[in-house]
Q: 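Pasting a structure below so you can have a look.
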Amino acid sequence: MELLVRYLERSNSFSSALTPEVIREERLRDDLKYYFMSPCEKYRARRHIPWKMGVQILKIVMITTQLVFFGLNNQLVVSYKEENTMALKNLFIKGYSGVDEDDFSIAVYTQRDVYDSLFYVLDQYSQLGELSVGAISYAEDEDGLLLPLTVCKEYYKRGSLKPSDEAYDIDAQLETLCMEHDPRTANQWRKQNSSFFDLDFYRLVNIKVTFNLKGINLQTVRSRELPDCYSFYVMITFDNESHSGKVKLYLDIDAESSACQDWKISGTAQKNTHYLLVFDGFVILVCIISTTLCTRSIILAVRLLQRFSQFFQEHFDRKVCEDDQKEFLNGWYVLVIVSDVLTIIGSILKMEIQAKSLTSYDVCSIFLGTSTLLVWVGVIRYLGYFQKYNVLILTMKAAFPKVLRFCCCAGMIYLGYTFCGWIVLGPYHEKFEGLSRVAECLFSLLNGDDMFTTFAQLKDKNILVWLFSRAYLYSFISLFIYMVLSLFIALITDSYETIKKYQSDGFPLTDLQKFLREHKDFPVVDDFSEKDVEPKCSTFCCCKRFPVNDDIILIS
């Protein structure tokens, strides 16, 4: 009834009768106004409870809690693996200092050191039960027999070298010879198989010692969780591929966790896995509800856009501009749906890990961490309803296209410096040894970090490379810090100043906003052909058409 009274009053003001077209227009306007209201305005207008906002707040609390629980458990697992790796390096690598030299643990330079290091591994492994202070032991097969230790040497099939005569005869085909033995008597190999350990170093490519161990992570008892059983697959490599007189020793470990088969525990530690599984299931349920509500809002927005576009086409013979169309396609809903999908996948992986069916902690961490990031970023949407907090969102929205184009151009120069630094300075500077390291070093220089060290570490053994490095570093720092970075900040500052000006003077009205405010002064397209017009768009103003003038070039 109130709606009819409003229609009648408006019709009297325009001296026209109430028609179905007017009713259709008013209904469309009311639906659009309600769609673009904030949750509080919707509640005041129609007393509709903001379920979407309530679900998002609940989801933030639950996902953050879930992440904290998983993070604490993941820290215990990661620390256990890292400490076991360090312990095994100290146990099996002779002369290990506790710090890796580079990507390898230690290097040896004489034949005697190679033999001593190899036999040291065998001796230590045969005495593992008497040496190790950790809950670790030899691995067994299904029949209860100890898994053997394996030593494999890889070498060229045939070869002879005479460096003094600059002569060599090499068959590039590789051969591998392996031997297995009981772990407890591994130290007796050198006597029983002396011929196997008679190494031809000029043909030797590498030696690999592999063995399996079992361990139990008892520290999880403190967090009221059952200890996990671990299988460690250890490989110690003597790398002689370069034949440079430097043999590198690597220790690689692959750990897999599983549920212990036979366990008994008493005291305060109790099995609480089922509580966490119920909580994770509830998180998945909340995410499904959130996805359903956001999908429903997107479908409603598409239908409103279709109604609005049809109305404009019928009454003004023009299409809705691109900026107004973007108002209906709410990117926040897409963000929420993506975060919900990631949370559901991460929660399923977490439940599998807790049930000891999976051990992929890193994959689960990526899903849960990314989803939590997106959930907290989505909070900005609700802060955007307040004018003082909305400056950041509007500035990012206005500056993003310009910043993206600017970064594409600057990125081409950055890639050029990356390739140039890698090929020229790579052999002489450790920070330029690989493309990824070059990119990281240049990004560090771009932010003013570690400049002097980068200059000082380049040795002046080659004067030509030294002079080039100075020109290279000085030009990069000058170009990117004084020009590129300053222009980058200027783009964002310009967008911020524009937003501040619009907030004080008012934003330009788009066709959608004029329609919602019941304006009737929509511009009408003049009667000229489509080929004579060119669209003009902006971030805040609606697209309008103007005659093309070849003498005028607009540069954004």
Side-chain angles (χ1 to χ4, degrees), residues 81-128 131-132 149-156 159 161 163-164 168 170 172 174-179 186-187 189-190 196-211 213 232-255 422 425-438 440-441 453 456-459 461-462:
K81 292 181 180 179
E82 291 179 349
E83 291 173 7
N84 268 278
T85 302
M86 183 62 64
L88 293 177
K89 287 182 178 179
N90 280 276
L91 276 175
F92 296 111
I93 298 181
K94 185 179 180 180
Y96 182 65
S97 62
V99 180
D100 292 344
E101 292 188 13
D102 197 351
D103 57 341
F104 54 91
S105 299
I106 197 173
V108 292
Y109 301 91
T110 65
Q111 296 183 14
R112 181 179 181 84
D113 288 339
V114 173
Y115 283 116
D116 289 345
S117 299
L118 178 59
F119 295 146
Y120 184 81
V121 174
L122 303 180
D123 291 339
Q124 292 293 98
Y125 187 68
S126 63
Q127 308 174 62
L128 180 64
L131 296 176
S132 176
L149 178 144
T150 304
V151 179
C152 296
K153 60 178 183 179
E154 190 175 33
Y155 53 93
Y156 294 118
L161 297 176
S164 59
Y168 61 87
I170 293 293
L174 297 178
E175 287 186 344
T176 303
L177 182 61
C178 297
M179 292 190 66
N187 58 341
W189 276 18
R190 63 179 113 176
F196 179 83
F197 294 103
D198 186 13
L199 304 176
D200 295 328
F201 286 93
Y202 64 90
R203 290 197 301 139
L204 181 66
V205 176
N206 60 61
I207 302 174
K208 293 182 179 180
V209 182
T210 58
F211 51 87
L213 300 174
F232 298 102
Y233 304 94
V234 184
M235 176 183 291
I236 300 176
T237 305
F238 293 73
D239 184 8
N240 191 41
E241 291 184 359
S242 61
H243 289 85
S244 61
K246 179 179 181 180
V247 178
K248 305 173 185 177
L249 272 70
Y250 299 85
L251 189 146
D252 299 315
I253 180 172
D254 185 16
W422 171 61
L425 305 181
Y428 303 94
H429 201 298
E430 62 178 7
K431 293 184 178 181
F432 293 84
E433 290 179 353
L435 285 175
S436 61
R437 298 190 69 174
V438 176
E440 293 164 1
C441 176
T453 306
Q457 285 183 349
L458 189 69
K459 301 178 182 179
K461 292 182 179 180
N462 190 320

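Residues take their numbers from the sequence shown, with the count starting at 1.
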Q: Heavy-atom distance under 4.5 Å between the side chains of I236 and F211, does that happen here?
A: yes
Q: Roughly how far, to the nearest 0.5 Å, is the CE atom of M86 from the CG atom of L251?
A: 10.5 Å
Q: Output the distance between atom CG (L88) and atom OH (Y125), rounded to the nearest 0.5 Å.
A: 10.5 Å
Q: Just distance, no hydrogens or angles: give the donor-acceptor pairs under 3.5 Å from side chains in residues 104-114, sequence neighbours left out.
A:
from: T110; atom 1: OG1; to: D113; atom 2: N; distance (Å): 3.1
from: T110; atom 1: OG1; to: D113; atom 2: OD2; distance (Å): 2.9

Q: Can you check whether Y155 reaches L199 side chain to side chain, under 4.5 Å on heavy atoms?
A: no
Q: Report the distance from atom CD of E154 to atom CG of N206, rounding to the nearest 0.5 Å.
A: 4.5 Å
Q: Between L249 and F238, is there a side-chain heavy-atom distance shorter than 4.5 Å?
A: yes
Q: Output all residues satisfying salt bridge (charged side-chain N to carboxylate O under 4.0 Å, His left out) with E433, sequence neighbours left out; order by chain, then residue number.
A: R437
Q: Assess the residue pair L174 and Y156 against the criterion (side chain to side chain contact (heavy atoms under 4.5 Å, CB included)); give the C-alpha distance rounded to whole Å, side-chain angles, the decisive distance to 0.1 Å, and a yes or no.
A: CA-CA 5 Å; L174 297 178; Y156 294 118; 3.5 Å; yes
Q: Judged by atom type as modelled, is there a donor-acceptor pair below 3.5 Å linking the side chain of H243 to the main-chain atoms of V205?
A: no
Q: Between L204 and V247, is any pair of side-chain heavy atoms under 4.5 Å apart?
A: no
Q: For P427 and W422, work out which heavy atoms get closest and say how close.
A: CD-O, 4.3 Å
Q: Return the NZ to CG distance between K81 and D254, rounded to the nearest 0.5 Å.
A: 8.0 Å
Q: Going from CG on N240 to NZ on K248, what distance comes out if it is rounded to the nearest 0.5 angstrom?
A: 10.5 Å
Q: Parallel, tilted or perpendicular for Y115 and F201, by the 30°/60° rule?
A: perpendicular
Q: Between NZ of K246 and CG of D239, what distance do you get to the nearest 0.5 Å?
A: 10.5 Å
Q: Do V438 and L425 have side-chain heavy atoms sitting under 4.5 Å apart?
A: no
